[in-house]
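In what follows, every chain begins at residue 1, and chains take the letters A, B, ... in the order their sequences are listed.
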2 protein chains.
Amino acid sequence: MQKKPAQCQFGAALDSIVGKWKPIILYHLLQGKPLRFNELRRLLPGITQRMLTLHLRELEEEEIVKRVIYPQIPPKVEYSITEYGMSLSPVLETLHQWGVTHTERKQLIKEINEQTKTD
Amino acid sequence: MQKKPAQCQFGAALDSIVGKWKPIILYHLLQGKPLRFNELRRLLPGITQRMLTLHLRELEEEEIVKRVIYPQIPPKVEYSITEYGMSLSPVLETLHQWGVTHTERKQLIKEINEQTKTD
DNA sequence: CCGAATCCTTTAGGATACTG
DNA sequence: CAGTATCCTAAAGGATTCGG
């Protein structure tokens, strides 16, 4: 990667939260309740086991997510947000706000285009 | 793509600002001064013409960036942030803040690991 | 000067089968 | 239950050449 101005470190932040399933994984974990692997999986319809583990491992690597293994049969593993991961909450909230208005805006523009098409 | 909870629209926001060069492109344009294609290119060492145009087109599509063509020989094209694109400023600032501390944190952890390795 | 077009490489993401 | 291991596809990114 290239050198960036010190004032432009939001690329670094993006690296931690970008990934097809990371937004929704984080959303669920930020509810506060620890979730087991299969619970999380059920909350993410369409995700494969592989992708879920990959994304969780990445979040774990950044210490955003904590993985707790209960040594028992059958296995039980719980994922939860870390204290540090909680610091993402306001960041994601801000992004969320912008995302909502952005989506609405695009929808509005689309409707206007379809309207004027019939003129 | 899957369905997401309405409370989790930050994935939509990410779509607009993710891309290898988008963060740094936005950083430069958010300085406020319109920049010509080749000016921008010089500010982004390593980028190819193709990638620069592709990313700019995407940002233009979202109406985050405005493209003004001056019909003259040799051609002159200026890119600038739109009014709407300005609304990204606080969002990116928040991301930036988190990115800075996150980078520092990772660096710190790395140093500690190297320290304890010699014990 | 500001691209478009073509072709190629790399990475992200996915399908499927298997395991302690 | 909670994963690995393999193999494969699609998408992002890049190198190079050509053109108004």
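For dG14(D), the OP1/OP2 oxygens have a side-chain nitrogen or oxygen of Lys20(B) closer than 4.0 Å. Residue Tyr79(A) has no polar side-chain atom (N or O) positioned under 4.0 Å from OP1 or OP2 of dC1(D). For the OP1/OP2 pair of dG13(D) and a distance below 4.0 Å, the side-chain nitrogens and oxygens of His55(B) include at least one atom meeting the criterion.
Mapping Thr48(B) and Arg42(A) onto DNA chain D via the closest heavy atom, the residue that lands nearer the 5' end is Arg42(A).
For the atom pair CG of Leu14(B) and NZ of Lys22(B), the computed distance is 11.0 Å after rounding to the nearest 0.5 Å. From Lys76(A), atom NZ reaches atom CD1 of Ile69(A) across 13.0 Å, with rounding to the nearest 0.5 Å.
A heavy-atom distance below 4.0 Å to DNA chain C is reached by these residues of residues 56-76 of chain A, ordered by number: Pro75(A).
With hydrogens and angles left out, the side-chain atoms of His102(A) and Tyr84(B) include a donor and acceptor closer than 3.5 Å.
The nucleotide whose nearest atom lies closest to any side-chain atom of Arg36(B) is, among dC1(C), dA4(C), dG3(D), dC1(C). When each of dC2(C), dG13(D), dG3(D) is scored by its nearest atom to the side-chain atoms of Asn38(B), the top-ranked nucleotide is dC2(C). The listed nucleotides are dA15(D), dG3(C), dG14(C); the one nearest the side chain of Arg50(B) is dA15(D).
In this structure, Leu40(B) atom CG and dG3(C) atom C1' are separated by 14 Å, rounded to whole Å. Rounded to an integer number of Å, the gap from NZ of Lys22(A) to C1' of dG13(C) is 13 Å. Atom CG of Leu54(B) is separated from atom P of dT16(D) by 17 Å (rounded to the nearest Å). Atom C1' of nucleotide dT19(C) and atom CD of Gln49(A) are separated by 11 Å, given to the nearest angstrom.
Taking the six-membered ring where tryptophan is involved, the planes of Phe37(B) and Tyr79(B) are tilted, since the angle between them lies from 30° to 60°.
Between Lys106(B) and Glu62(A) there is a salt bridge, with a side-chain nitrogen of the basic residue lying less than 4.0 Å from a carboxylate oxygen of the acidic one.
For Arg105(B), the salt bridge (charged side-chain N to carboxylate O under 4.0 Å, His left out) partners at least two apart in sequence or on another chain are Glu63(A).
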